[in-house]
A.B. asks: 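Okay, handing you the structure first.
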There are 2 protein chains.
Amino acid sequence: MRSYRQYCGLARALDSVGDRWVLLIVRELLVGPRRYNELLDGLPGIATNLLAERLRELEEIGVITRHGDHTYVLTEWGQGLHDVVYALGRWAAPLMDRPAPHDEFRSHWLSHPIHLLYEGVDRRRPKLSVEVNTGNAPMTIASNAGRVSVMPGKPASPDLVLAGPPDGIVGLLSGRLDRAGAAKRGVSVKGDLRKLAKLRPHRATGAALAT
Amino acid sequence: MRSYRQYCGLARALDSVGDRWVLLIVRELLVGPRRYNELLDGLPGIATNLLAERLRELEEIGVITRHGDHTYVLTEWGQGLHDVVYALGRWAAPLMDRPAPHDEFRSHWLSHPIHLLYEGVDRRRPKLSVEVNTGNAPMTIASNAGRVSVMPGKPASPDLVLAGPPDGIVGLLSGRLDRAGAAKRGVSVKGDLRKLAKLRPHRATGAALAT
DNA sequence: CTGCATCCGGGCCGATACTG
DNA sequence: CAGTATCGGCCCGGATGCAG
């Protein structure tokens with residue numbers, strides 16, 4: 001990208017990561033190291049040459065490194081983009097009510113809104129294991145020792161099984177939808193939802209998503 | 001900008017404000033309402049047609065509104081981009097050591113790194129009035145009742161007068177440069193620097209900029 | 001003078017075909 | 001699997017025109 005040529009932090013940042021697709025690549029790598037084809041799958045719509053070019057640029061400026069096994073990883077500085085990506089995601093929450101007609105979705109993207117909803121440690125959170133079936137693959141939400149984590153795959157013995165489109169799932173997780181509202185969006189629930197509500201922070205910190 | 005067509009908060013955000021120049025326009029409006037030509041001046045390098053087009057798009061999606069007196073203002077939602085702009089600026093701090101040869105600079109941009117350095121209220125901060133001469137116009141940094149503010153223009157009776165290139169000025173303000181280091185970068189100082197150091201938070205919160 | 005609109009050249013982006 | 005090569009089209013940048 002052509003430089004803005006301004007001595008300003010924002011301009012410098014955008015010179016580095018303002019190119020199309022760049023922050024979405026970072027989004028993928030925030031979850032963990034990824035191989036080229038995994039990135040392609042997590043970035044529906046990107047052209048293969050663009051992905052290759054962006055990865056080269058990001059390596060040159062020190063945002064990512066390439067491991068021997070053909071995986072790409074964020075450097076420590078690159079991980080600093082976490083706050084940027086989450087600030088943008090939080091800001092766009094009001095736009096997320098419904099998926100647009102041709103929107104793509106990948107299950108592992110769930111990890112980001114979930115981390116927004118359940119960030120931090122809260123000892124009052126019950127232990128819980130939730131199977132989520134939305135998008136292209138099953139995911140597990142696990143609450144342990146006051147901390148909530150998200151992983152690919154099904155849990156061994158889920159307390160709760162959710163299935164349906166991502167807006168309904170997230171609406172249910174955020175508390176913006178109740179069981180009936182989520183059902184209207186095509187979400188099916190097996191199990192007790194009451195424990196789910198207790199995962200959220202008590203002092204309504206997740207308000208940004210709920211708006 | 002062509003939509004990413006992904007049901008993801010980050011993608012939605014970039015669909016809205018990922019276009020070239022958009023976040024820089026927001027940077028300008030974060031300081032306050034601005035007229036068209038003021039924006040042109042604060043955005044060196046932008047083409048006039050692009051500014052007009054971006055302003056129209058930003059109004060359509062509800063990030064800005066147009067006041068009767070031909071000024072553009074951020075909506076409440078638009079002001080939410082503060083966190084995005086500052087997250088990007090903070091992340092890019094390591095790139096800000098020196099201006100590049102042809103970098104432009106505007107004095108009022110100082111307000112952003114200064115708000116990063118001196119955010120919040122700290123009653124132990126001394127009352128202080130600083131005149132800063134860098135860029136295209138003089139600026140005033142004022143510390144009152146534990147809060148630091150930045151305004152255009154010269155103070156009536158400054159305790160301290162700084163002049164020189166912006167990297168030296170910011171280096172001095174952040175504490176990353178001492179008087180000698182700043183002098184090497186062409187900064188002249190009139191007055192006592194010790195009070196300046198007391199403006200910074202005691203628990204080294206400005207570490208991001210200092211790195 | 002301010003606040004844009006129009007026009008045009010160049011570069012970046014998107015889609016697909018192809019290769020080690 | 002992990003990219004490279006190519007080409008059409010669109011967006012951006014810069015200059016200029018023009019209405020209130």
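The sequence lines fix the lettering, A, B, ..., with proteins before strands; numbering per chain opens at 1. As the structure is a prediction and not an experimental result, all values here were calculated from the model.
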A.B. asks: Begin with the C-alpha distance, continue with both residues' side-chain angles, and end with the deciding distance and a verdict on salt bridge (Lys or Arg N to Asp or Glu O under 4.0 Å) for A/D19 and B/R20.
C.D. replies: CA-CA 8 Å; A/D19 256 328; B/R20 197 159 163 75; over 6 Å; no
A.B. asks: Tell me the closest heavy-atom pair linking B/N144 and B/K127, and the distance in Å.
C.D. replies: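 Smallest interatomic distance, heavy atoms only, reads OD1-NZ, 2.6 Å.
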A.B. asks: Can you tell me the distance, in whole Å, between the CD1 atom of A/I25 and the C1' atom of C/dC13?
C.D. replies: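 Taking atom C1' of C/dC13 as the reference, CD1 of A/I25 is at 13 Å.
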A.B. asks: Check the phosphate of D/dC11 against B/R54, side-chain N and O only, distance under 4.0 Å to OP1 or OP2. Yes or no?
C.D. replies: no
A.B. asks: What is the separation between atom CH2 on B/W21 and atom C1' on C/dC12, rounded to the nearest whole Å?
C.D. replies: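 The distance from CH2 of B/W21 to C1' of C/dC12 comes to 16 Å, rounded to the nearest Å.
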A.B. asks: Which heavy atom of B/R200 sits nearest a heavy atom of B/L173, and at what distance?
C.D. replies: NE-O, 2.9 Å
A.B. asks: In whole angstroms, how far is the P atom of D/dG3 from the CG atom of A/L55?
C.D. replies: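 Interatomic distance, CG of A/L55 to P of D/dG3: 8 Å.
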A.B. asks: Of all the heavy-atom pairs spanning B/T48 and B/Y36, show the shortest one and how long it is.
C.D. replies: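 Between these two residues, the closest heavy atoms are O-OH, 2.6 Å.
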A.B. asks: Would you kindly give the CZ-to-P distance between A/R5 and D/dG13, to the nearest whole Å?
C.D. replies: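 My rounded result for the distance is 13 Å.
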A.B. asks: So among B/R66, B/R35, B/R34, which one has a side chain to side chain donor-acceptor pair (under 3.5 Å) with B/Y72?
C.D. replies: B/R66
A.B. asks: Among residues 26-53 of chain A, which contact DNA chain D at a heavy-atom distance under 4.0 Å?
C.D. replies: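 Heavy-atom contacts with DNA chain D come from A/R35, A/Y36, A/N37, A/T48, A/N49, A/A52.
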A.B. asks: Given atom CZ of B/R20 and atom P of C/dG10, what is their separation to the nearest angstrom?
C.D. replies: 18 Å
A.B. asks: Quick one: on DNA chain D, does A/R2 or A/Y72 contact a more 5' nucleotide (nearest heavy atom)?
C.D. replies: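 On the 5' side of the pair lies A/Y72.
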A.B. asks: Measure from CE on B/M1 to P on C/dC13 and round the result to the nearest Å.
C.D. replies: 9 Å
A.B. asks: Side chain to side chain donor-acceptor pair (under 3.5 Å) for A/S3 and A/D15? Distances and angles first, verdict last.
C.D. replies: CA-CA 5 Å; A/S3 168; A/D15 283 347; 3.0 Å; yes
A.B. asks: Provide, to the nearest angstrom, the distance between the CZ atom belonging to A/R56 and the C1' atom belonging to D/dG3.
C.D. replies: 9 Å
